[in-house]
Q: 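A single structure is presented below for examination.
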Amino acid sequence: MTLSHIDASNFDLEKSLHCGQVFHWEKYDQGFVGAIANRAAFVKQRGERLSFAGVPERIITRYFSLDHPLAEICRSFPNDPGMNAARDFCRGLRIIRQPEWECLATFICSSMKQVAHIRQISIALRKRFGARKAIYGTLVYAFPGAARLAESSDEELRKCALGYRGKNLLATAQRVASGEADLKAWRKLADDELRTRLCELPGVGVKVANCVMLFAYERLAAFPIDVWIERVLRQQYFPPRKKITARQLREFCDNYFGDHGGYAQQYLFHHARKGGGPKMAI
DNA sequence: CTCCAGGGATGAT
DNA sequence: ATCATCCATGGA
């Protein structure tokens, strides 16, 4: 399998894969192997040169959003100390374009879980139900389609260590497989309408819906609020010990971070988790 | 509005 | 080796 190379300036592969948006990539040689939709891919980065195998260039460019005007997006962030520190720390981090179902299913499983555990669930589902592919003699697994999971069972899903989430995943898989929930058709919906539809699915609340909007539907303003980001926001933007309702927090985020709030959220999130940024329990 | 089940990894003792 | 902690959703 031959390696191809492209210029990928203002891109950080490692950060983009490890900031909590995708969970199935594994280290291999100097890079990573994983599935992009149903194909096995190898990717590695050396400076501004991105090398890859297994998929054509357009798939790589699209998946890693190399077409996003990242410098412009970062300039649109608010100018405050916390945001500026996060912007510096996360240089090159891009929001990955994930297939809708793969993203939805993974984030249903993410509820009440930490990144390390979501990884295990994602890999377990892929190994048990997904198509097996090989690249450089290494096996990688595509994420199983909704139809495959819909014909599974609560018991079988629970073997993938997802506990009570199995019930929600199964019910949502059935709605997607039956066409009752048409994830592709939802692309044309406005943000609020899309969020409403996603929240009607079992196991999907506002937080998961916003993750799916950001990571699968290119809604770059969607701002998922989890406990991590909530800590960051309270610490950086609100007086200590002042009581702020979830609603006020939501309103602040939507107004303050602007059209690329989802990018700002990822940067704040990744900086807080990995950057030793604001002091918090890790 | 508040309370709490739920599962399994991870960190603390 | 056991114990406490983490945490989104949904339902009481």
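Residue numbering restarts at 1 for every chain, and letters A, B, ... go by the order of the sequence lines. Just so we're clear, the structure is a prediction, and the values are computed from it rather than from any experiment.
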Q: Output the distance between atom OH (Tyr217(A)) and atom CD (Glu100(A)), rounded to the nearest 0.5 Å.
A: 5.0 Å

Q: Indicate, with a heavy-atom threshold strictly under 4.0 Å, whether Asn168(A) touches base, sugar-phosphate, or nothing.
A: nothing

Q: Between atom CG in Leu157(A) and atom C1' in dG8(B), what is the gap in whole Å?
A: 16 Å

Q: Could you write out DNA chain C as a dot-bracket string, with dots for unpaired bases, | for bases paired across to another strand, and Watson-Crick or G-U pairs counted at under 3.5 Å?
A: |||||||.||||

Q: Would you say Gln120(A) places a side-chain N or O within less than 4.0 Å of OP1 or OP2 belonging to dA9(B)?
A: yes

Q: Report the nucleotide, chosen from dT10(B), dG7(B), dT9(C), that has the shortest atom-to-atom distance to any side-chain atom of Met112(A).
A: dG7(B)

Q: How many Å lie between NE2 on His117(A) and C1' on dG7(B), as a whole number?
A: 7 Å

Q: Report yes if at least one side-chain N or O of Trp228(A) is closer than 4.0 Å to OP1 or OP2 of dC6(C); otherwise report no.
A: no

Q: Of all the choices, dG8(B), dT9(C), dA9(B), which nucleotide is nearest to the side chain of Lys113(A) once you look at every atom?
A: dG8(B)

Q: Between dC6(C) atom P and Ile118(A) atom CD1, what is the distance in whole Å?
A: 16 Å

Q: Taking the side chain of Val227(A) as its heavy atoms from C-beta onward, which of dT9(C), dT10(B), dC7(C) lies nearest to it?
A: dC7(C)

Q: Under 6.0 Å between the ring centres of Phe52(A) and Phe42(A)?
A: no

Q: Without decimals, in angstroms, what is the distance between Ile121(A) CD1 and dG8(B) C1'?
A: 8 Å

Q: Are Ser152(A) and Arg148(A) linked by a side-chain donor-acceptor pair shorter than 3.5 Å?
A: no

Q: Before you tell me yes or no, could you show the steps for Phe215(A) and Phe107(A) under ring pair (Phe, Tyr, Trp, His ring centres under 6.0 Å), namely the whole-Å CA-CA distance, both residues' side-chain angles and the distance that decides it to 0.1 Å?
A: CA-CA 10 Å; Phe215(A) 300 136; Phe107(A) 278 90; 5.5 Å; yes

Q: Atom CZ of Arg231(A) to atom P of dC6(C): distance rounded to whole Å?
A: 7 Å

Q: Take atom CZ of Arg165(A) and atom C1' of dG8(B), then tell me their distance rounded to the nearest Å.
A: 8 Å

Q: Can you tell me how far P of dA5(B) sits from OH of Tyr164(A), to the nearest Å?
A: 12 Å

Q: Give the ring-plane orientation class for Phe252(A) versus Phe257(A), where under 30° counts as parallel, over 60° as perpendicular and anything between as tilted.
A: perpendicular

Q: For Ala71(A), give me all partners under side-chain contact (heavy atoms from CB on, under 4.5 Å), at least two apart in sequence or on another chain.
A: Asn10(A), Arg75(A)

Q: Please state whether the rings of Phe32(A) and His18(A) are parallel, tilted or perpendicular, taking 30° and 60° as the class boundaries.
A: perpendicular

Q: Could you check how far NZ of Lys167(A) sits from C1' of dA5(B), rounded to whole Å?
A: 11 Å

